[in-house]
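Each chain gets a letter, A, B and so on, in the order its sequence line appears, and its residues count up from 1.
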2 protein chains.
Amino acid sequence: MSKEEKILEAATDEFLTKGYDGARMRSIAESAGINKGLLHYYFKSKEALILKVFHSLFREIFSELSDIFNSELSLFEQIERGIGTYIEFLIQNPRIPFFVVGELNRDKKAHLRRMKEAKVPPPFMELGRSIEEARKRKEVKSDTTSREFILNMMSLMLFPFVAREMIMFTQQINEKEFEAMLRNRKKQVAQLLIMDLKVKAK
Amino acid sequence: MSKEEKILEAATDEFLTKGYDGARMRSIAESAGINKGLLHYYFKSKEALILKVFHSLFREIFSELSDIFNSELSLFEQIERGIGTYIEFLIQNPRIPFFVVGELNRDKKAHLRRMKEAKVPPPFMELGRSIEEARKRKEVKSDTTSREFILNMMSLMLFPFVAREMIMFTQQINEKEFEAMLRNRKKQVAQLLIMDLKVKAK
DNA sequence: GTCTATAATTTGATAGAC
DNA sequence: GTCTATCAAATTATAGAC
């Protein structure tokens with residue numbers, strides 16, 4: 001692994017756990033096994049470094065989903081598999097959602113500019129279209145809009161990872177119970193969302 | 001307003017917008033119209049100050065709900081009103097959820113110790129009990145546990161406020177459209193959750 | 001209680017040798 | 001490319017006058 005890769009790995013870990021303001025360049029250099037000077041040789045500044053890290057993670061967090069929602073599966077199969085796969089991915093990478101959300105709160109403009117330049121497409125566009133098509137075919141019977149649906153889906157999938165500690169407190173459960181609950185959610189969330197689409201609007 | 005109150009108000013604003021690591025004692029002193037020395041006279045340290053701020057906000061964010069869920073209304077009315085009132089509260093105080101979540105991620109132990117000392121009860125206990133009672137009376141027919149239900153409810157209510165910027169990007173909408181969507185959610189989220197409780201388990 | 005002045009430390013970043 | 005040494009600025013916190 002090159003020094004540059006080691007730096008990126010160490011920086012990712014530091015930013016994921018401490019956030020931009022809490023992260024320390026010194027700490028990143030130490031973890032990467034190099035000195036501070038070299039950090040600034042490869043990455044001009046702390047800001048430039050986190051932009052790079054954010055960009056990779058944002059791609060990662062949404063690319064998995066794109067594959068599924070662009071597949072040939074039926075809408076309901078896409079949703080079921082998409083949610084299962086995604087929650088499993090989040091169990092393996094639990095800190096990404098809070099980091100991404102926090103960075104966009106801290107400096108939306110800088111990140112969006114960079115993503116625009118790199119032509120990262122906004123996720124879920126494809127899913128939204130599939131839902132509207134299924135609605136025309138009467139497979140979707142509720143009056144939930146695709147936008148509302150996607151927001152509900154994101155909320156149910158991502159919130160437990162963003163607010164892990166808060167949930168463990170309000171529900172008075174420990175790590176083990178929490179993780180068991182997460183695994184259950186794979187089926188449970190898909191079921192809830194699909195029912196919402198299928199139930200007839202009144 | 002006393003100097004101490006002015007400090008607390010300024011500190012709340014600073015911590016809500018910048019978080020612990022991003023907040024500056026100098027900035028708080030300026031906003032409060034006092035000097036830095038006085039900050040440390042009233043509050044020993046930055047840490048002590050944020051503990052105080054967190055504690056008040058955490059109480060605030062959950063006390064509204066407790067009133068409703070301890071009322072004499074029927075379960076489904078409690079849920080409907082609780083969600084409506086709460087989302088409206090969040091529209092008025094949109095930064096609280098991200099702050100609370102972030103602080104618990106940063107230093108769970110310190111905050112929990114303080115809340116235990118102050119005997120702040122974990123929220124939603126009452127709601128959980130009501131659901132289980134309604135299940136015995138066959139008013140709740142699904143196999144969704146009360147824990148799962150509460151987690152779904154928190155996710156659907158809080159996530160849009162935690163991840164506001166991310167949602168606006170992924171959905172490609174502006175402030176106005178986002179806020180219209182939030183208002184819609186009052187009814188829409190309640191409807192979805194209640195349906196989940198009423199639908200028969202298969 | 002409220003202020004000024006300053007201590008003590010830490011931070012991100014740069015200069016320059018090799 | 002990689003390192004050492006160091007700068008300049010900013011931070012929290014304290015001491016002490018009034």
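Between B/Glu4 atom CD and C/dT2 atom P there is a gap of 10 Å when expressed in whole angstrom units. Taking atom CG of residue A/Leu38 and atom P of nucleotide C/dG16, one finds them 19 Å apart after rounding to whole Å. Atom NZ of B/Lys44 and atom C1' of D/dA15 are 18 Å apart (whole Å). The nearest whole Å value for the distance from the CE atom in B/Met25 to the C1' atom in D/dT12 is 7 Å. In this structure, the CG atom of B/Leu39 is 16 Å from the C1' atom of C/dA5, given to the nearest Å. In this structure, B/Glu30 atom CD and C/dT2 atom C1' are separated by 17 Å, rounded to whole Å. Put simply, CZ on A/Arg24 is 11 Å from P on D/dT11, counting in whole angstrom units.
B/Asp196 and B/Ser142 share no side-chain donor-acceptor pair at under 3.5 Å.
Side-chain N/O atoms of B/Tyr41 include one lying less than 4.0 angstrom from OP1 or OP2 on C/dG1. Considering only side-chain N and O atoms, A/Asn35 lies under 4.0 angstrom from the phosphate OP1 or OP2 of D/dC3. In this model, the phosphate group of D/dT2 is approached by a side-chain N or O of A/Tyr42 to a distance below 4.0 Å at OP1 or OP2. Considering only side-chain N and O atoms, B/Arg26 lies nowhere under 4.0 angstrom from the phosphate OP1 or OP2 of D/dT12.
Side chain of A/Glu5 to main chain of A/Ser2: a donor-acceptor pair is present (N/O by atom type, distance under 3.5 Å, no hydrogens or angles). Looking at A/Arg81, its side chain never comes within 3.5 Å of a backbone N or O of A/Phe69 through a donor-acceptor pair. For A/Tyr86 (side chain) and A/Lys186 (main-chain N/O), no donor-acceptor pair under 3.5 Å exists by modelled atom type.
Listed by residue number, there are no residues of residues 5-21 of chain B with a heavy-atom contact under 4.0 Å to DNA chain C.
Closest to the B/His40 side chain, of the nucleotides C/dG12, D/dC3, D/dT14, is D/dT14.
When each of B/Lys3 and B/Lys36 is assigned the nucleotide of DNA chain C with its nearest heavy atom, B/Lys3 is the one assigned upstream, toward the 5' end.
Applying the salt bridge (Lys or Arg N to Asp or Glu O under 4.0 Å) rule to B/Lys198 yields no partners; only residues at least two apart in sequence or on another chain are considered.
Proximity of the aromatic rings of B/Phe58 and A/Phe169 is defined here by a centroid distance below 6.0 angstrom, and this criterion is met.
Two residues are said to be in side-chain contact when any heavy atoms from C-beta on lie closer than 4.5 Å; A/Gln172 and B/Met125 meet this criterion.
Note on B/Ala48: nothing from the nucleic acid sits closer than 4.0 angstrom, heavy atoms only.
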